[in-house]
**Q** 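Mind having a look at this structure? Questions to follow.
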2 protein chains.
Amino acid sequence: MVKRVTWQREAVRDALSTSEGFVSAQALHSGLRESGSPIGLATVYRALADLAVEGEADSLQQEGESLYRACTPGTHHHHLICRNCGLTVEIEADAVEAWAASVAAQHGFTQPSHVVDVFGLCANCQRA
Amino acid sequence: MVKRVTWQREAVRDALSTSEGFVSAQALHSGLRESGSPIGLATVYRALADLAVEGEADSLQQEGESLYRACTPGTHHHHLICRNCGLTVEIEADAVEAWAASVAAQHGFTQPSHVVDVFGLCANCQRA
DNA sequence: GGTCTTGTTGATAATGATTATCACTAGCAC
DNA sequence: GTGCTAGTGATAATCATTATCAACAAGACC
């Protein structure tokens with residue numbers, strides 16, 4: 001199973017990296033459609049899932065749907081997300097990593113992983 | 001809109017507090033049904049949503065479904081969850097609270113909230 | 001360029017969790 | 001006990017996501 005390069009995957013990757021914050025697959029698809037691309041919905045879902053697996057995109061669950069965002073590959077980081085406009089800032093948190101690992105160990109848990117996201121209202125949205 | 005006390009809500013609350021870890025609404029419903037209760041699925045969903053709002057239950061999203069768990073009301077805490085059996089330990093993390101608040105402030109975000117969950121394999125599941 | 005192999009696409013159907021509907025039931029204040 | 005109305009539950013509706021599968025096209029090879 002050799003991966004092929006298709007314009008569809010590139011289009012999804014581009015659309016993702018153009019977006020300011022987290023976007024849903026549906027939103028990304030209609031955005032692409034509006035800008036003239038005839039890409040299919042199923043393909044957008046597949047491309048996003050692939051990007052997430054390959055570490056080129058981060059994802060999170062909100063209100064029963066998955067949101068995606070381009071991320072800087074190879075680095076472990078978390079997010080500070082505006083709950084109004086979706087604006088997202090990548091944050092690093094070595095202290096939190098260490099804390100999570102030690103808490104897991106204290107209770108006899110191995111293979112620790114964690115979900116850490118911070119939400120708030122960004123400066124722009126506060127004015128509105 | 002005055003709330004009423006019904007045996008259905010009590011049944012859901014009891015079933016929740018009996019459970020070791022996080023459970024889905026569906027699982028809780030079939031559990032109740034198996035133990036002889038004629039409770040309806042919609043009611044279980046409503047009861048769980050209410051408990052979550054009232055702070056008597058915590059919830060998290062996993063693989064596209066909402067999981068619930070009874071929690072000690074009035075205290076802010078996070079969870080250490082076995083990814084195999086669902087066993088859950090409540091953990092407090094003042095350091096993480098402070099960190100989240102300060103990170104938000106540094107980037108001009110207000111009204112910070114956060115999602116922090118640690119997953120791992122519990123001692124029992126490691127042996128299996 | 002032509003051709004072949006097979007990964008990829010996309011319209012659509014299927015799935016599965018959750019929510020809305022609405023007639024009926026049952027708390028609870030009086 | 002009566003009346004008012006919140007709560008219930010069978011079921012239909014919704015909505016995001018995944019599976020299906022025939023048609024398509026990327027890349028390797030000549």
Side-chain angles (χ1 to χ4, degrees), chain A residues 1-16 19 21-54 56-69 81 83 86 115 117, chain B residues 1-16 19 21-54 56-69 81 83 86 115 117:
Chain A
M1 165 98 84
V2 184
K3 270 224 167 109
R4 291 177 185 174
V5 177
T6 63
W7 64 264
Q8 287 96 333
R9 292 227 219 264
E10 296 305 313
V12 170
R13 189 204 306 275
D14 287 355
L16 245 204
S19 155
F22 281 83
V23 242
S24 70
Q26 308 265 357
L28 213 141
H29 176 245
S30 37
L32 283 166
R33 276 303 183 76
E34 279 170 22
S35 54
S37 170
I39 194 171
L41 178 59
T43 304
V44 173
Y45 273 101
R46 279 186 291 242
L48 287 174
D50 284 355
L51 288 171
V53 167
E54 292 157 15
E56 295 195 63
D58 285 321
S59 68
L60 62 85
Q61 319 290 319
Q62 201 173 44
E63 292 165 23
E65 68 181 356
S66 292
L67 304 182
Y68 296 86
R69 178 172 188 275
I81 303 153
R83 116 181 89 228
V115 176
D117 290 302
Chain B
M1 168 95 85
V2 183
K3 268 220 169 116
R4 290 175 186 175
V5 177
T6 63
W7 65 263
Q8 286 95 333
R9 292 226 217 264
E10 296 305 313
V12 170
R13 190 206 305 275
D14 286 355
L16 246 204
S19 155
F22 281 83
V23 243
S24 69
Q26 308 265 357
L28 213 141
H29 176 245
S30 39
L32 283 165
R33 276 303 183 74
E34 278 170 21
S35 52
S37 170
I39 195 170
L41 178 58
T43 304
V44 173
Y45 273 101
R46 280 186 290 242
L48 287 174
D50 284 354
L51 288 171
V53 167
E54 292 157 15
E56 294 196 64
D58 285 321
S59 69
L60 63 84
Q61 319 290 320
Q62 201 174 44
E63 292 165 22
E65 67 181 356
S66 291
L67 304 182
Y68 297 87
R69 179 170 187 276
I81 304 153
R83 108 181 97 227
V115 176
D117 290 302

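Lettering follows sequence order; numbering is per chain, from 1.
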**Q** Could you run through nucleotides 6-19 of chain D and give me one letter per nucleotide, 5' to 3': B if any protein heavy atom sits under 4.0 Å from the base, S if only the sugar-phosphate is that close, - if neither?
**A** BSBBB-----SBBB

**Q** Between atom CD in A/Glu10 and atom C1' in D/dA26, what is the gap in whole Å?
**A**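 Going from A/Glu10 (CD) to D/dA26 (C1'), I get 13 Å.
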
**Q** May I ask you to test the A/Val44-A/Arg46 pair for a side-chain heavy-atom distance under 4.5 Å?
**A** no

**Q** Would you kindly give the CG-to-P distance between B/Leu48 and C/dA17, to the nearest whole Å?
**A**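 About 15 Å, once rounded to whole Å.
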
**Q** Describe, as an angle rounded to 10 degrees, how the axis at the first end of the helix from C/dG1-D/dC30 to C/dC30-D/dG1 is tilted relative to the axis at the last end, five pairs per end.
**A**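 Computed angle between terminal axes is 40°.
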
**Q** Only counting residues at least two apart or in another chain, list the ones meeting side-chain hydrogen bond (donor to acceptor under 3.5 Å, both in side chains) with A/Ser24.
**A**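 Not a single residue meets the side-chain hydrogen bond (donor to acceptor under 3.5 Å, both in side chains) criterion with A/Ser24.
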
**Q** Residues two or more places apart in sequence or in another chain: which of them pass salt bridge (Lys or Arg N to Asp or Glu O under 4.0 Å) with A/Glu65?
**A** none

**Q** List the residues meeting salt bridge (Lys or Arg N to Asp or Glu O under 4.0 Å) with B/Glu54, not counting sequence neighbours, and say none if there are none.
**A** B/Lys3

**Q** Which residue, A/Thr43, A/Ile39, A/Thr6, A/Asp50, forms the side-chain contact (heavy atoms from CB on, under 4.5 Å) with A/Val12?
**A** A/Ile39

**Q** Looking at residues at least two apart in the chain, or sitting in another chain, which of them share a side chain to side chain contact (heavy atoms under 4.5 Å, CB included) with B/Arg69?
**A** B/Phe22, B/His79, B/Thr88, B/Glu90

**Q** Does one side chain, of A/Glu56 or A/Tyr68, offer a donor that lies under 3.5 Å from an acceptor on the other?
**A**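 There is no such pair (donor and acceptor under 3.5 Å, judged by atom type) between the side chains of A/Glu56 and A/Tyr68.
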
**Q** Tell me, do B/Val23 and B/Leu67 make a side-chain contact under 4.5 Å, heavy atoms counted?
**A** no

**Q** Using whole Å, what does the distance between atom P of nucleotide C/dT8 and atom CG of A/Leu51 come to?
**A**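 Rounded to the whole Å, the gap is 13 Å.
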
